[in-house]
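Taking it in order: structure first as structure tokens, then the write-up.
None of the values given here were measured: they were computed from a predicted structure.
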Amino acid sequence: MILLFRKGWQIFGAIALILTVTIASLTLYWVTDSWPQQSGLILLPQLSDRVEVRRDAYSIPHIYASNEYDLFLAQGYIHAQDRFWQMDFWRHLGAGRLSELFGESQLKTDQFLRTLGWARIARQEVQNLPAEFLEPLTAYAEGVNAYLQEHQGTGLSLEYGVLKVMNPSYQPEPWQPEHTLTWAKVMAWDLGTNMDEEIERAILLQTYSPEQVDELFPPYSNQTPVIMPDWKIAQGKPELIGNQLGKITSGESAVSIEAIASVLSPTFNSVSEQISALETLTGPRGGEIGSNSWVVSGAKTATGKPLLANDPHLGVQMPSIWYEMGLHCTSKSPDCPYDITGFSFAGMVGVIIGHSDRIAWGFSNVGADTMDLYIEKINPENPNQYEVNGKWVDMDQVTETIQIAGGKTAVETVRYTRHGPIISETYPKLKALLVPDIASSNPDIYAIALRWTGLEPARLFPSIIQLNQAQNWQEFRKAAQDFDVAPQNLIYADIDGNIGYQMPGKLPIRTNSDGRYPVPGWTDEYEWNGYIPFEQLPFTLNPTSGYIVTANNPVVDESYPYVITKDWDYGFRAQRILDLLNAQETGFDFESFREIQGDNYNLNAQGLVPILLNLSFEDSHLGKIRDLLKNWDFQMEEKSSGAALFEAFWSQLLTATFNDNFLVDFLPNGGHRWIKVIADLVENSDSFWWDNVLTPEVEDRDFIFYQAFAEAVAKLEKQLGKNSQGWQWGDLHRVTFRNQSLGQSGIAPIEAIFNRGGVPISGGNAIVNATAWNARKSFETTWIPSMRMILDLSDLNASVAVISTGQSGHAFHPHYTDLMPLWRNLDYHPMVSSRPGVEANTKDTLILLPN
């Protein structure tokens, strides 16, 4: 996004624009014009009855309506009041229409997004919806549009004043049901990361052996926790799939996946570029995108009823991705069954995570492998045909017209094979790669198609609505059955004392593949053979352990007959949460759960510091600084000098070990996978990976450890000063909340208007308090607990929660950043939900009336 406006700035003149925007942003009118009315009376002819909106001191609204339609209409209206720019940006992103907002600089991104076709699929989903689910979507859109009818320009959000300088003709269009479902595709993409690893492995195979690549993607250890260690399929054990590495057959030729990967490496690199560029808009993908969630039965709590905790880990953004609210029918009935409180997405109907008056639920990402890359053979005489079992077959084609700010248009042709869209031809625009056939002298053209469950019409929205209506475990599981895209670990608790777990999702059954590498698309040998039946997906109710812990670690062990993924989180957070639960065993309450959510213990340091302390240091200066680690408690506290020293060492250890081997795009990010890689490598001090291939010497583990430590000290002394006792982790590790669209423009005055933060923070990679950072770049926080929630099933009014920024999406509004100090200091606000509790905490009351 740094390039987002630069072409426009060059046209209009950077100096004039900065002056215009800076002066305008400081005027009282621009700053306050979009602030919404939060009390008094508003007439909305779209309503059929009176609606009441009560907001507390943090501007968290609770909406009360007599019927379902009015309830969701009011939700759309309130979302638009506080977050419409966020909603507008998200729908343009999901539909591949960023050029409409920001001009030709975003054309390549739009071409890739149109290739994925999220908006086309969302339109199909709307057409397939039964009336009972279409009505909430329609009501929500009516509410958004009711707000748009009365507000425009800076009356909607300050961002539109900035946008007007570059794109003066832009006017937001009415909200449509498909816009809500399109954003669900963006979230599903953000949570599905296996394709990244698939590409990385394919590119690495051109240089390293399969065994060496496996060392960089190690198997999950049998010693680390799985969510359901004892779960078995009662219906019998299906035939296990084979491993695809080795030889793959096509007609008379036999080729290796290593050879294909080597030949197609430039194409894989291009697809990787597309994904990386998209991350700037959607937020970072990768191994640290996850979550913690756990639930403890009443037998182990102080109240005798369950406690449930959840903190989803997502990319840093401004405002928060979450919007907290309550949706209440004034009188619950089969026609209006809602009494829910929790966290929504602006632009999405209902509550995504939270509780009703009877049940509570939380999410963490499974990280399931629902994406496969297929290598397609293209007809050299007809680029619109591809090979299927020895025959040329016509591709399906869709023509997309992309509107560009200023009146221009661009036409994009999307080509589909039986597996999905060809993604190797867009962003940057590529011709199919012409290479010699791997097994003969005939030329072949190859391209890459993506098969992903998210590119099929989904039932996710009906699942959310049913989840919001559920009153017990059976109804909860029924709702989960439709949760088909971006599979999540769903944890459950209810006021009757039950706790449970369900893994939902549409997960492919593969033949002759485990999903780790791209596979040939020109035969039927690697096709999906349906999806895992819902009843064979892991679930449990009231386990004998009395608790359920999920932290993106494996759901089941290797005895499970299907492949969920080969790229699990390696379980450091899960292990630490289990250690803390087992250390206390009983009497859990809010404070003990709060301590777990804020735990900063570094298991990586626990493994590596003893090795470092046992090395012989001839340099007494380095030895004295190393003494900082002798009594360090491995807690990544903001003011800890030991934490600063270790993480600087960790960063340099990765550099010294791997920078001689990898392209920049694949250098270690320092997350859980690399912690596991190093943990395995330290057991072999003479491993190939320790040697620096750029030097004539042969380095070993101890040499690399010493070199990395010396370099870390040199960098810290340069950055933080010579007084090592004064080093603090928070001086390196800071968090800045950036507006996804304008906050990364590269224009300082613009960024100052919308961005906030730059503050020190505790935590780190693979830590329960998961404020992760990317070792390829800096110590700056990139992923965070985007919200924290602790639900008390003995008294739901005693529950607490917090999001990372504030409820408002309006820069300079009092509620733009007011929750940030609570979030940063591991504090919470009351999460009241009953009518008396809401009334007692009400600060502003807004009445919405039909004419």
Side-chain angles (χ1 to χ4, degrees), residues 72 76 87 90-98 100 110-142 144 173-192 195 278 282 345 347-350 352 370-372 374 394-403 411-423 426 449-467 479 481-487 504-508 528 530-531 534:
F72 291 124
M87 296 165 63
W90 280 350
R91 66 172 168 175
H92 279 82
L93 168 60
R97 295 171 53 194
L98 293 168
E100 288 182 28
D110 280 347
Q111 289 170 332
F112 182 50
L113 291 166
R114 296 292 182 97
T115 300
L116 295 175
W118 295 333
R120 293 193 299 273
I121 301 159
R123 287 192 289 270
Q124 293 179 44
E125 292 176 2
V126 171
Q127 294 169 2
N128 295 338
L129 279 178
E132 62 181 302
F133 300 117
L134 182 58
E135 287 179 2
L137 271 180
T138 304
Y140 183 89
E142 284 273 4
V144 176
E173 66 182 298
W175 193 268
Q176 302 292 340
E178 69 190 58
H179 297 149
T180 292
L181 300 190
T182 299
W183 177 242
K185 300 296 181 185
V186 181
M187 282 302 301
W189 172 269
D190 205 29
L191 295 171
M195 186 171 70
L278 194 53
T282 64
F345 296 139
M348 175 63 79
V349 183
I352 308 300
T370 58
M371 295 179 173
D372 276 347
Y374 282 87
D394 290 337
M395 294 184 190
D396 294 327
Q397 296 186 49
V398 174
T399 300
E400 293 277 357
T401 301
I402 302 172
Q403 298 292 328
V411 176
E412 177 71 20
T413 299
V414 181
R415 302 190 300 158
Y416 285 85
T417 73
R418 58 179 175 161
H419 302 117
I422 298 290
I423 64 171
T426 54
L450 169 64
R451 184 164 190 187
W452 175 36
T453 57
L455 299 183
E456 303 169 8
R459 303 187 307 273
L460 180 61
F461 178 70
S463 176
I464 296 298
I465 294 297
Q466 293 175 84
L467 186 60
Q481 192 162 355
D482 282 338
F483 202 112
D484 50 2
V485 176
K506 185 186 287 186
L507 287 95
W528 292 359
Y531 301 99
F534 181 74

Once rounded to the nearest 0.5 Å, what's the spacing between atom [atom1] of [X] and atom [atom2] of [Y]?
X	Y	atom1	atom2	result
I352	I464	CD1	CD1	4.5 Å
M371	W189	CE	CH2	5.0 Å
T417	D394	OG1	CG	12.5 Å
L450	M195	CG	CE	5.5 Å
T370	R451	OG1	CZ	11.0 Å
K506	Y531	NZ	OH	5.0 Å

To check you understand the geometry: which heavy-atom pair defines the closest contact between [X] and [Y], and what is its length?
X	Y	result
P421	L455	CD-CD1, 3.6 Å
Y416	T115	OH-O, 3.9 Å
L460	V485	CD1-O, 4.4 Å
P487	P504	CB-O, 3.2 Å
M348	A184	CE-CB, 3.9 Å
A479	S463	O-OG, 2.7 Å

Quick one about T180 and W175 (side-chain donor to acceptor, distance below 3.5 Å, no hydrogens or angles considered), yes or no?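 Side chains of W175 and T180: pair found under 3.5 Å.
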Between [X] and [Y], is there a donor-acceptor pair closer than 3.5 Å when you use the side chain of the first and the backbone of the second?
X	Y	value
R91	E178	no
Y140	G347	yes
D482	R459	no
T399	T413	no

Any heavy-atom pair between the side chains of W528 and D372 that's under 4.5 Å?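 Yes, side chains in contact.
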Would you call the rings of H419 and Y374 parallel, tilted or perpendicular if under 30° counts as parallel and over 60° as perpendicular?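 H419 vs Y374 ring planes: parallel.
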Ring geometry between W90 and W183 (parallel below 30°, tilted from 30 to 60°, perpendicular above 60°):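 Parallel: the ring planes of W183 and W90 meet at under 30°.
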Pairs of donor and acceptor atoms involving the side chains of residues 121-139, under 3.5 Å and at least two apart or interchain, shall be tabulated with distances.
residue : atom : partner : partner atom : Å
E125    : OE2  : K185    : NZ           : 2.7
E125    : OE2  : A458    : N            : 2.8
N128    : ND2  : Q124    : O            : 3.2
T138    : OG1  : L134    : O            : 2.9

Out of Q111, M395, E400, which one pairs with V414 under the side-chain contact (heavy atoms from CB on, under 4.5 Å) rule?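 Among Q111, M395, E400, the one meeting side-chain contact (heavy atoms from CB on, under 4.5 Å) with V414 is E400.
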